[in-house]
Amino acid sequence: MAEDKRERIMDAAVSNFKRFGFAKTSVDDIARQAQVGKGTIYSYFRSKEEILIALVDREFAAGLTAIDRAMKEEPSSVGKLRILLVKTVEYFHKNELVGKVMAMDTALVLSVISKKNKELQMLSIAGLKDLLEQGVREGVFRKLDFDRIAYSIDALIRSFHYLNYLGLDEYDPNDLVQPVFDLLLEGIRRR
């Protein structure tokens, strides 16, 4: 029951954030749509910013689960790298919280989730390093400075999202996945 109320509050927050933006949505708006008292919201979340962080956690966890599930079905490191690029771009560009809400209030939202962003970056880099090391074991990738390579791949993937948030994408990100994959593969493939 308590988890149901928490989810209703979060769903109402997403709905209001998409409609009005983060800055223009009040806790009263969220409470009204969730059909709970304002005090109930504060029993689950200390602030509107904390609701946003919980939403980001929920959405990124769903995205990471979908990506992880798809990657587990692929045995090769090359296939996993391609899936990682395709699924990441696909998931986060279709996700309304990530795409629309963050685009409406970019500076505020990015400042609110900057700590969370760092945690996600560290997870991403660790996973990428594992994938690159698997490629070395398979004999398809050469041994490189995987700390820097993983950081660079993560930054490249993030750049797609930041361009989307800022409304600056010149190309459909899905059309860029293959050229980016080819470029990455060329740089790390064993010669």
Peer 1: For Q35, I'd like to know if atom CD has over 12 heavy atoms of other residues, nucleotides or ligands within 6.0 Å.
Peer 2: no
Peer 1: Looking at D4 and R8, does any basic side-chain N land under 4.0 Å from a carboxylate oxygen?
Peer 2: yes
Peer 1: Decide yes or no on salt bridge (Lys or Arg N to Asp or Glu O under 4.0 Å) for R32 and D28, but give the supporting numbers first.
Peer 2: CA-CA 6 Å; R32 196 170 20 264; D28 287 322; 5.9 Å; no
Peer 1: To the nearest 0.5 Å, what is the distance between CG (D29) and CD (Q33)?
Peer 2: 9.0 Å
Peer 1: Give, for atom OG of S124 and atom CG of L84, the distance between the pair rounded to the nearest 0.5 Å.
Peer 2: 7.0 Å
Peer 1: Is there a path of hydrophobic side-chain contacts, each under 4.5 Å between heavy atoms of I, L, V, M, F, W or Y residues, that connects M122 with L120?
Peer 2: no
Peer 1: Is the terminal nitrogen or CZ of K5 (NZ for Lys, CZ for Arg) located under 6.0 angstrom from the six-membered ring centre of Y44 and within 45° of that ring's axis?
Peer 2: no
Peer 1: So does D11 get a backbone contact from the side chain of S15, meaning a donor-acceptor N/O pair under 3.5 Å?
Peer 2: no
Peer 1: Can any side-chain N or O of N16 pair as donor or acceptor with the backbone N or O of A12 at less than 3.5 Å?
Peer 2: yes
Peer 1: Checking side chain to side chain contact (heavy atoms under 4.5 Å, CB included) for the pair K38/V27: CA distance, chi angles, key distance, verdict?
Peer 2: CA-CA 7 Å; K38 189 174 177 178; V27 173; 3.8 Å; yes
Peer 1: Examine I153 and L183 and state if one hydrophobic cluster contains both, with Ile, Leu, Val, Met, Phe, Trp and Tyr joined whenever side-chain heavy atoms are less than 4.5 Å apart.
Peer 2: no
Peer 1: Test side chain to side chain contact (heavy atoms under 4.5 Å, CB included) on R189 and R142 and set out the steps.
Peer 2: CA-CA 6 Å; R189 189 178 291 273; R142 53 194 171 111; over 6 Å; no
Peer 1: Is the shortest side-chain heavy-atom distance between E133 and F141 below 4.5 Å?
Peer 2: no
Peer 1: Quick check: closest heavy atoms across I9 and A34, and the distance to 0.1 Å?
Peer 2: CA-CB, 3.9 Å
Peer 1: Atom CZ of R82 and atom CG of D182: how far apart are they, to the nearest 0.5 Å?
Peer 2: 8.0 Å
Peer 1: If you apply the rule side chain to side chain contact (heavy atoms under 4.5 Å, CB included), what do you find for L128 with F146, and how did you get there?
Peer 2: CA-CA 8 Å; L128 283 162; F146 288 152; over 6 Å; no
Peer 1: Is L81 reachable from L156 through a run of hydrophobic residues whose side-chain heavy atoms are each under 4.5 Å from the next?
Peer 2: yes
Peer 1: If I take atom CD1 from residue I149 and atom CG from residue L131, how far apart are they, to the nearest 0.5 angstrom?
Peer 2: 12.5 Å
Peer 1: Could you check F17 against K48 for side chain to side chain contact (heavy atoms under 4.5 Å, CB included), going step by step and ending with a plain yes or no?
Peer 2: CA-CA 11 Å; F17 293 163; K48 183 173 69 167; 4.0 Å; yes
Peer 1: Using atom types as modelled and distance alone, determine if a side-chain donor or acceptor of T65 lies under 3.5 Å from a backbone N or O of A61.
Peer 2: yes
Peer 1: Is the backbone of G21 close enough, under 3.5 Å, to the side chain of T25 for a donor and an acceptor to pair up by distance?
Peer 2: yes
Peer 1: Checking side-chain polar atoms at under 3.5 Å, does E74 have a donor or acceptor matched by the opposite partner on S76?
Peer 2: yes
Peer 1: For the pair E50 (side chain) and R46 (backbone), establish whether a donor and an acceptor sit closer than 3.5 Å, ignoring hydrogens and angles.
Peer 2: yes
Peer 1: Verify, without hydrogens or angle tests, whether K87 (side chain) and L64 (backbone) share a donor-acceptor contact under 3.5 angstrom.
Peer 2: no
Peer 1: Under a single-linkage definition using a 4.5 Å side-chain heavy-atom cutoff for Ile, Leu, Val, Met, Phe, Trp and Tyr, are L85 and L185 assigned to the same hydrophobic cluster?
Peer 2: yes
Peer 1: For the residue pair G37 and A31, what are the closest heavy atoms and their distance?
Peer 2: C-CB, 4.1 Å
Peer 1: Any donor and acceptor pair, going by atom type alone, linking the side chain of R6 with main-chain N or O of I41 inside 3.5 Å?
Peer 2: no
Peer 1: Nearest 0.5 Å please: distance from the CD1 atom of I125 over to the CG atom of D130.
Peer 2: 12.5 Å
Peer 1: Using 0.5 Å steps for rounding, measure from the OH atom of Y42 to the OG atom of S47.
Peer 2: 7.5 Å
Peer 1: Are the side chains of V140 and I188 in touch, meaning some heavy atoms are under 4.5 Å apart?
Peer 2: no
Peer 1: Report yes if the side chains of L55 and M10 come closer than 4.5 Å at any heavy-atom pair, otherwise no.
Peer 2: yes
Peer 1: Side-chain contact, heavy-atom cut-off 4.5 Å: V89 with V180?
Peer 2: no
Peer 1: Can you tell me if CZ on F181 sees more than 12 non-hydrogen neighbours from other groups inside 6.0 Å?
Peer 2: yes
Peer 1: Does E138 use its side chain to pair, donor to acceptor, with the backbone of S77 at less than 3.5 Å?
Peer 2: yes
Peer 1: Between R58 and E7, does any NZ, NE, NH1 or NH2 come within less than 4.0 Å of an OD or OE carboxylate oxygen?
Peer 2: yes
